[in-house]
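A short worksheet on the structure shown next.
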Amino acid sequence: MKLVSWNVNGLRACVNKGFHDYFTSMDADIFCLQEIKLQEGQIDLDFGGTYDQYWNYAIKKGYSGTAIFTKIKPLSVRYGIEENSEPEGRIITLEFDNFYMITVYTPNSKRDLSRLEERIEWEDRFRNYLLQLDKHKPVIVCGDLNVAHNEIDIKNAKSNHGNSGFTEEERGKMTDLLGSGFIDTFRHFYPDQTDNFTWWSNMPGIRERNVGWRIDYFLTSNRLAPKLKDAHIDSHILGSDHCPVVLIMDDFVEKKGGKPPMSMAAQPFFITPSSYHAFADEDEQLEKCREWGLVSSKAAKTKAFYYKGKGLHLPCQIVGFIDDATAVIELDNKQLHCIHPAFLKEMQAASYSQRQVSTTDEGGEEAVPSNESTGEVSAPVVNTVNEPSIEANVSVQTEQEKVAISSTSDSLLADPVTPEPVAKKPTAKPKKEKAPKLELPTEKVRMRAIVQEFASVPNHFTEEEDEVIIYEGVQMLDPEMEIGTAWSSHSNTLKKLELEVGDVLTFDCKIVAKKLTKHPVAYKINNPAKIQKEES
């Protein structure tokens, strides 16, 4: 399977510079574009019905925008992280039977770094979005990520330190993304190769002397590593200030007009690990299952697990792992398969198969669990559904199913116990009325807050915990509004203030409704700035 990504910096201009010739010669299965800079109806590309076309136009004319051309029929399509809330046309997500395909044009922080803060917020939302998708199917991400990750990825590293696209903040976010379970596919194959760039300034002689940056990428979920065959950069292709990047993978999907691979017709998609860490003993296996939440913290032994999908209900055992986000299971026929622990946990619900059939029949919207790693609740994965999903349809669990998953009984699939009827219904306690939901402003506001405590919350994608600050007496100053309690990340900026419990702060920030994991705190303070500590 051949995948191509190209920031064309204006598709209409690129069409006049050889786009068709390159597109046709590549014969890609999926071809992704960024920075198309056009509106609907301004171009008509005819490829003889070979490709389905998906376009995400920016509202602003001649700006941003993305597109995907695919021979593989997607199950569903989504535009943006949150449907219809992203006016710059930066993201398209296609759901296929075995994976998600995302093309992205990451916001530039601008030469004067005036958009850096907004860029960093966007990076966090995008990473959380990918992690939610990755819990259900492997993810392939491509596009212009607008960052040179390491010094090897830029010609003049010293002179560009701190510049837009090579700030510590932007590079750190790329490190965070890869560390949460993704592969930079080019560096996977060529970890030490120098002078491989994908973007060059339009100044005279710059491209000829190869003074460039590598800011265009193909990233994949770690568990897709066994499927990767090659990655390369077509730096000889002109037509834009960027060049195309290419990823070659095992052919494991059905293409338009073609026949599905044999493995697709009768069995689910298996990712066989090329290598993994096998458990040394049952104690290590139990500890890892506790860490993943597959058994309770008090469990003395592991349980029977089942792999479900496409009508299958197969017993399996967890035999090892590749990383914190990739478990390795073994089926009865000795088939090994890489799977996200959260997805395996979803499969253990007694009604999982029925729910899967139900959502397939209805062709409806799928809901996604909250992101436990950050304590934030993410938006649904797919809103626009063209066809029902065949595998990994996940709907919100009922309270009864949650009890079934967390039960400490010997079998995760045991029938729920029906309580015996009682003679008289006890007098019900009056229900507490929920506090009305606050209407929060979308722009930055001036806030006042008191440091209540310092805490940490688990991050299941790293070996460390995330440090946070919980505040009390939180209020907006203009307009005036009482928030109550809120939380924020304990950032390096805040650490420099050497805060203590009881300190009173005023600052500018965005306040959003995002619950903190394992704490009854419903609102998050994003990127506080202009911070002042009131003298006691």
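Heavy-atom basis, side chains included; hydrogens, waters and symmetry copies ignored.
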Checking Glu346 side chain against Ala342 main chain: does a donor-acceptor pair fall under 3.5 Å?
no
Testing the basics here: between Asp144 and His242, what is the closest heavy-atom pair and its distance to 0.1 Å?
OD2-CE1, 3.2 Å
Donor + acceptor pair across side chains of Glu35, Ser64 (<3.5 Å)
no
Without hydrogens or angle criteria, can the side chains of Asp46 and Tyr51 be said to hold a donor-acceptor pair below 3.5 Å?
no
Hey, is Glu117 close enough to Lys444 for a salt bridge, meaning N to O under 4.0 Å?
yes
May I ask you to say whether Asp230 pairs ionically with Lys2, meaning some side-chain N is under 4.0 Å from a carboxylate O?
no
Contact between Val147 and Phe166 at the side-chain level, heavy atoms closer than 4.5 Å - yes or no?
no
If you measure from CG on Asn7 to NZ on Lys37, what distance do you get to the nearest 0.5 Å?
8.0 Å
Does Tyr217 reach the side chain of Thr198, with side-chain heavy atoms less than 4.5 Å apart?
no
Within the 6.0 Å centroid threshold, strictly below: Phe23 and Phe47
yes
Got a donor-acceptor contact below 3.5 angstrom from the Thr70 side chain to the Ile72 backbone?
yes
Report yes or no: is the cationic atom of Arg214 (NZ for Lys, CZ for Arg) under 6.0 Å from the centre of the six-membered ring of Phe186, at an angle within 45° of the ring normal?
no
So which heavy atom on Asp195 is nearest to which on Asn210, and how close?
O-ND2, 3.3 Å
Any donor-acceptor pair under 3.5 Å linking the side chain of Asn146 with the backbone of Thr106?
yes
Looking at side-chain heavy atoms only, is the closest gap between Asp153 and Phe197 below 4.5 Å?
no
Of all heavy-atom pairs linking Asn526 and Cys509, the shortest is O-CB, 3.5 Å
side-chain contact (heavy atoms from CB on, under 4.5 Å) evaluation trace for Ile140 with Tyr100
CA-CA 6 Å; Ile140 302 172; Tyr100 290 102; over 6 Å; no
Under the criterion side-chain contact (heavy atoms from CB on, under 4.5 Å), I'd like the reasoning laid out for Trp55 against Phe69: C-alpha separation, chi angles, the key distance, then a yes or no.
CA-CA 9 Å; Trp55 302 81; Phe69 305 87; 3.7 Å; yes
Taking atom types as modelled, is there a side-chain donor on Trp199 or Asp216 under 3.5 Å from an acceptor on the other?
no
Is a donor from one side chain sitting under 3.5 angstrom from an acceptor on the other, for Gln335 and Thr272?
yes
Between Leu3 and Phe218, is there a side-chain heavy-atom distance shorter than 4.5 Å?
yes
With distance as the sole criterion, is a donor-acceptor pair present between the side chains of Asn527 and Glu121 under 3.5 Å?
yes
Would Ile36 and Tyr57 count as a side-chain contact (heavy atoms from CB on, under 4.5 Å) if you check the C-alpha gap in whole Å, the side-chain angles of each, and the deciding distance to 0.1 Å?
CA-CA 8 Å; Ile36 55 175; Tyr57 308 100; 4.2 Å; yes
Using side-chain contact (heavy atoms from CB on, under 4.5 Å), reason through Trp213 and Lys155 one step at a time and then give a plain yes or no.
CA-CA 6 Å; Trp213 302 44; Lys155 186 67 173 182; over 6 Å; no
Taking atom types as modelled, find out whether Tyr22 and Asp234 have a side-chain donor-acceptor pair closer than 3.5 angstrom.
yes
The test is salt bridge (charged side-chain N to carboxylate O under 4.0 Å, His left out); show your working for Asp176 and Arg171 and say whether it passes.
CA-CA 9 Å; Asp176 291 345; Arg171 296 169 64 195; over 6 Å; no
Residues Asp52, Lys71; criterion salt bridge (charged side-chain N to carboxylate O under 4.0 Å, His left out); working and verdict
CA-CA 6 Å; Asp52 291 330; Lys71 293 180 181 179; over 6 Å; no
Non-hydrogen side-chain atoms of Val139 and Thr220 separated by less than 4.5 Å:
no
With rounding to the nearest 0.5 angstrom, report the CD to CD1 distance, Gln34 to Ile91.
11.5 Å
Note: Ser109 and Glu170 closest approach over all heavy atoms is OG-OE2, 2.8 Å
For the pair Thr167 (side chain) and Ser164 (backbone), establish whether a donor and an acceptor sit closer than 3.5 Å, ignoring hydrogens and angles.
no
Restricting to non-hydrogen atoms, name the atom on Leu238 and the atom on Trp6 that form the minimum distance, rounded to 0.1 Å.
O-CZ2, 3.4 Å
Just by distance, no angles: are the side chains of Tyr129 and Thr93 close enough, under 3.5 Å, to form a donor-acceptor pair?
yes
Is it the case that the side chains of Thr175 and His149 hold a donor-acceptor pair, with the cut-off being a distance below 3.5 Å and no angle test?
yes
Is there side-chain contact between Leu11 and Leu45, with at least one heavy-atom pair below 4.5 Å?
yes
If every non-hydrogen atom of Thr326 is compared with every non-hydrogen atom of Pro341, which pair is closest and at what distance?
N-CD, 4.1 Å
Does a donor on one side chain sit under 3.5 Å from an acceptor on the other, for Ser76 and Glu95?
yes
Determine yes or no for a side-chain-to-main-chain donor-acceptor pair under 3.5 angstrom, with Gln348 supplying the side chain and Tyr306 the backbone.
yes
Please round to the nearest 0.5 Å and tell me the distance separating atom CG of Leu224 and atom NZ of Lys137.
12.5 Å
Looking at Lys514, Lys524, Lys173, which hits salt bridge (charged side-chain N to carboxylate O under 4.0 Å, His left out) with Asp124?
Lys173
Between Asp323 and Asn222, is any side-chain donor less than 3.5 angstrom from a side-chain acceptor?
yes
So do Leu33 and Ile68 actually touch side chain to side chain, heavy atoms under 4.5 Å?
no
If you measure from CZ on Arg127 to CG on Leu130, what distance do you get to the nearest 0.5 Å?
9.5 Å
Before accepting this row, confirm whether a basic side-chain N of the pair Glu123/Arg119 lies closer than 4.0 Å to the acidic partner's carboxylate O.
yes
Does any N or O in the side chain of Arg187 come within less than 3.5 Å of the main-chain N or O of Tyr190, such that one atom is a donor and the other an acceptor?
yes
When you compare the side chains of Ser221 and Asp134, does any donor N or O come within less than 3.5 Å of an acceptor on the partner?
yes
Would you compute the distance between atom CZ of Arg207 and atom OG of Ser201 and round it to the nearest 0.5 angstrom?
11.5 Å
Assess, by modelled atom type and distance only, whether the side chains of Asn9 and Ser240 contain a donor and an acceptor separated by less than 3.5 Å.
no
Do Leu219 and Leu177 have side chains that approach each other closer than 4.5 Å (heavy atoms only, starting at C-beta)?
yes
Report the distance from atom OG1 of Thr194 to atom CG of Asp192, rounding to the nearest 0.5 Å.
9.0 Å
